**Student:** 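Before anything else, here's the structure in question.
We're numbering straight along the sequence, starting at 1. The structure presented is a predicted model; accordingly, all values stated were derived computationally and were not measured.
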Amino acid sequence: MFFREYGKENEKVVMLLHGGGLAGWGYESVAKRLSEYYHIILPDIDGHGDSDRDFVSIENNAQHIVEYINNNHNGKVFAIGGLSLGGQIALEILSQKADICEYAFIESALVVPSKFTEIMVKPLLDCSYFLINKPWFAKMQFDYLKIDKTLFEHYYRDSCKITKNNMISFLKANTTYRLKQTLKKTKAKVIVLAGGKEQKNIIRSSHLIADKIPESCIEIIPELYHGQLSMNFSERYIGIFNKYIKQTK
């Protein structure tokens, strides 16, 4: 993994985990705004961005982050957030260590496995991976994501870095992840977020996550697509972040 940090002088640590196919820059706008009050850490998940490790599994990434927090922050941070694949890793972190944070913000995390999608990942990438470094193809993929157009150069640069094996690995992990029974033991206040225009399996997953965790809240934001909250509307994301923290103080 590779870790970028903002607001190091601040005491409370917030770690934010990006989505699959992206890198830490996905949370950069949020990080810069929150860094006035918090010490923000943006990892590049294994197999992404500037990480020096291949992607093995969601569980393996979570273990690396737990070890990092144990070694660098006395085993606990103030909050952990995650989008999509990053949200799955955040859930796994909560499952592995119940007291690792006070708050967790889980955005658009899939926990409804699809065997068919898992089977199709490799053959589809075998046919299409050669297009990954073509600007027109990257632009088409990027437009489908409906995220802030100013992020395209970051997206194109880092998508070109992802090897086919890493892409297969994280896409398979993403589509097969299941909630662990230990998640219900988390001591964190968990806020589950999703856009109302996301795929039905993401919205269903959001309710499953909230049902699994006793101390949780859920917000489905009607007009938003996948990943738009944190990546397109950082002020709105921070508004939700601050709302829940103030509610429990």
**Student:** Would you call Met167 and Ile132 a side-chain contact if the rule is heavy atoms closer than 4.5 Å?
**Tutor:**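 The answer is yes; the side chains approach within 4.5 Å.
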**Student:** For a quick test of your reading: what N or O donor-acceptor pairs under 3.5 Å do the side chains of residues 209-218 make, sequence neighbours left out?
**Tutor:**
unit_1, atom_1, unit_2, atom_2, d
Lys212, NZ, Gln181, OE1, 3.2
Ser216, OG, Ala210, O, 2.9
Ser216, OG, Ile213, O, 2.8

**Student:** Could you grab the distance from atom CG of Asp52 to atom CG of Asp46, nearest 0.5 Å is fine?
**Tutor:**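 Between atom CG of Asp52 and atom CG of Asp46 there are 7.5 Å.
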**Student:** Considering only heavy atoms from C-beta outward, does the side chain of Ser169 approach that of Val56 to under 4.5 Å?
**Tutor:**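 Answer no - side chains too far apart.
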**Student:** Kindly state whether the ring of Tyr144 and the ring of Tyr225 have centres lying under 6.0 angstrom apart.
**Tutor:**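 Between Tyr144 and Tyr225, the centre distance exceeds or equals 6.0 Å.
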**Student:** To the nearest 0.5 Å, tell me how far Thr117 OG1 sits from Asn201 CG.
**Tutor:**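 Here the rounded value is 8.0 Å.
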**Student:** Just to verify, what does Arg236 make a side-chain hydrogen bond (donor to acceptor under 3.5 Å, both in side chains) with, not counting sequence neighbours?
**Tutor:**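 For Arg236 the side-chain hydrogen bond (donor to acceptor under 3.5 Å, both in side chains) partners, ignoring immediate neighbours, are Glu223.
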**Student:** Are any side-chain N or O atoms of Gln228 and backbone N or O atoms of Lys146, one a donor and one an acceptor, separated by less than 3.5 Å?
**Tutor:**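 Looks like yes, one N/O pair under 3.5 Å.
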**Student:** Between the main-chain N or O of Gly7 and the side-chain N or O of Ser35, is there a donor-acceptor pair closer than 3.5 Å?
**Tutor:**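 Flag not set: sc Ser35 to bb Gly7 has no pair under 3.5 Å.
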**Student:** Side-chain contact test, heavy atoms from C-beta onward, threshold under 4.5 Å: evaluate it for Leu110 versus Tyr177 and give yes or no.
**Tutor:**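 Leu110 vs Tyr177: side chains apart.
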**Student:** Could you give all pairs that pass the ring-ring contact (aromatic ring centres under 6.0 Å, His included) test and reach residues 157-176, with sequence neighbours left out?
**Tutor:**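 Only His48-Phe170 qualify under ring-ring contact (aromatic ring centres under 6.0 Å, His included).
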**Student:** Under the 3.5 angstrom rule, does the side chain of Tyr37 hit a backbone N or O of Asn10 as a donor-acceptor pair?
**Tutor:**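 A pair under 3.5 Å: no.
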**Student:** About how many Å separate NZ of Lys172 and CG of Leu125, when rounded to the nearest 0.5 Å?
**Tutor:**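 The CG atom of Leu125 sits 10.0 Å away from the NZ atom of Lys172.
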**Student:** Is any side-chain heavy atom of Ile40 closer than 4.5 Å to a side-chain heavy atom of Glu5?
**Tutor:**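 They are not in side-chain contact.
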**Student:** Could you give me the CA-CA distance, side-chain angles and deciding distance for Asp99 and Thr186, then say whether side chain to side chain contact (heavy atoms under 4.5 Å, CB included) is met?
**Tutor:** CA-CA 6 Å; Asp99 63 347; Thr186 183; over 6 Å; no
**Student:** Could you tell me which non-hydrogen atom of Phe3 sits nearest to which non-hydrogen atom of Met15, and how far apart they are?
**Tutor:**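 Heavy atoms only, the tightest pair is CE2-CE, 4.2 Å.
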**Student:** Would you name the heavy atoms of Leu83 and Ser230 that are closest together and state the gap between them?
**Tutor:**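 What the structure gives for the nearest pair is CD2-OG, 4.0 Å.
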**Student:** Would you confirm whether Asn166, through its side chain, and Ile162, through its main-chain N or O, come within 3.5 Å as a donor-acceptor pair?
**Tutor:**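 Between the backbone of Ile162 and the side chain of Asn166 there is no qualifying donor-acceptor contact (under 3.5 Å).
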**Student:** Which value, rounded to the nearest 0.5 Å, describes the distance between Met231 atom CE and Trp25 atom CH2?
**Tutor:**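 If I round to the nearest 0.5 Å, the distance is 4.5 Å.
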**Student:** I need the Leu171 CG to Thr176 OG1 distance, nearest 0.5 Å.
**Tutor:**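 Those atoms lie 10.5 Å apart.
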**Student:** Heavy atoms only: give me the nearest Ile69-Ile80 pair and the separation to one decimal.
**Tutor:**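 For Ile69 and Ile80, the tightest heavy-atom pair comes out as CD1-CD1, 4.3 Å.
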**Student:** About how many Å separate CD1 of Ile238 and OH of Tyr38, when rounded to the nearest 0.5 Å?
**Tutor:**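 Going from the OH atom of Tyr38 to the CD1 atom of Ile238 covers 10.0 Å.
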**Student:** Donor-acceptor pair, Lys189 side chain versus Tyr244 backbone, under 3.5 Å?
**Tutor:**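 A pair under 3.5 Å: no.
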**Student:** Apply side chain to side chain contact (heavy atoms under 4.5 Å, CB included) to residues Val112 and Leu208 and explain how you reach the verdict.
**Tutor:** CA-CA 9 Å; Val112 180; Leu208 288 173; 3.8 Å; yes
**Student:** State plainly whether one hydrophobic cluster holds both Leu91 and Val77, where clusters connect Ile, Leu, Val, Met, Phe, Trp and Tyr through side-chain heavy atoms under 4.5 angstrom apart.
**Tutor:**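 Leu91 clusters together with Val77.
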**Student:** Minimum heavy-atom separation for Leu183 to Ser95, with atom names?
**Tutor:**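 For Leu183 versus Ser95, the nearest heavy atoms are CB-OG, 3.5 Å.
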**Student:** If I compare all heavy atoms of Gly24 with all of Leu42, which pair ends up nearest, and what's the gap?
**Tutor:**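 Looking at all heavy atoms of both residues, the closest pair is O-CD1, 3.4 Å.
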**Student:** Look at the side chain of Glu198 and the backbone N and O of Gly195, then say whether any donor-acceptor pair between them is shorter than 3.5 Å.
**Tutor:**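 Indeed, once roles are kept as given, a pair shorter than 3.5 Å links the two residues.
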**Student:** Would you please name every residue forming a side-chain hydrogen bond (donor to acceptor under 3.5 Å, both in side chains) with Glu11, sequence neighbours left out?
**Tutor:**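 For Glu11 there are no side-chain hydrogen bond (donor to acceptor under 3.5 Å, both in side chains) partners, ignoring immediate neighbours.
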**Student:** Classify the ring geometry between Tyr156 and Phe152 as parallel (under 30°), tilted (30 to 60°) or perpendicular (over 60°).
**Tutor:**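 Ring orientation, 0 to 90° scale: parallel.
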**Student:** May I ask you to decide if Asp50's main-chain N or O and Asp44's side chain share a donor-acceptor pair within less than 3.5 Å?
**Tutor:**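 Yes; judged by distance alone, with no hydrogens or angles, the pair exists.
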**Student:** Going by heavy atoms in the side chains, are Ile245 and Lys243 under 4.5 Å from each other?
**Tutor:**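 A side-chain contact under 4.5 Å is absent here.
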**Student:** Please check if the side chain of His64 supplies one atom and the backbone of Met1 the other of a donor-acceptor pair under 3.5 Å.
**Tutor:**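 Between the backbone of Met1 and the side chain of His64 there is no qualifying donor-acceptor contact (under 3.5 Å).
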**Student:** So which heavy atom on Ser108 is nearest to which on Gly227, and how close?
**Tutor:**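 For Ser108 and Gly227, the tightest heavy-atom pair comes out as OG-N, 4.1 Å.
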**Student:** Would you tabulate the side-chain donor-acceptor contacts of residues 135-142 under 3.5 Å, counting partners in other chains and residues two or more places apart, or write 'none'?
**Tutor:**
unit_1, atom_1, unit_2, atom_2, d
Lys139, NZ, Asp143, OD1, 3.1
Lys139, NZ, Asp143, OD2, 3.1

**Student:** Can you check whether Ile93 reaches Gln96 side chain to side chain, under 4.5 Å on heavy atoms?
**Tutor:**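 Of all side-chain heavy-atom pairs linking Gln96 with Ile93, none is under 4.5 Å.
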**Student:** Could you pull out all residues at least two apart from His39 that satisfy ring pair (Phe, Tyr, Trp, His ring centres under 6.0 Å)?
**Tutor:**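 If we apply the ring pair (Phe, Tyr, Trp, His ring centres under 6.0 Å) test to His39, skipping adjacent residues, the hits are His73.
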**Student:** Can you check whether Val111's main-chain N or O pairs, donor with acceptor, with Ser205's side chain at less than 3.5 Å?
**Tutor:**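 Judged by distance alone, yes, a pair lies under 3.5 Å.
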**Student:** Are the side chain of Asn133 and the backbone N or O of Cys160 linked by a donor-acceptor pair below 3.5 Å?
**Tutor:**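 Not a single qualifying donor-acceptor pair exists.
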**Student:** Can you tell me if Asn165 and Thr163 form a side-chain donor-acceptor pair at under 3.5 Å?
**Tutor:**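 Judged by distance alone, the side chains do not pair up.
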**Student:** Using a 4.5 Å cut-off on heavy atoms from C-beta on, say whether the side chain of Phe105 contacts that of Leu16.
**Tutor:**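 They are not in contact (no side-chain heavy atoms under 4.5 Å apart), so the answer is no.
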**Student:** Are Ile202 and His226 packed together at the side-chain level, in the sense that at least one heavy-atom pair is separated by less than 4.5 angstrom?
**Tutor:**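 Yes - at least one pair of side-chain heavy atoms lies under 4.5 Å apart.
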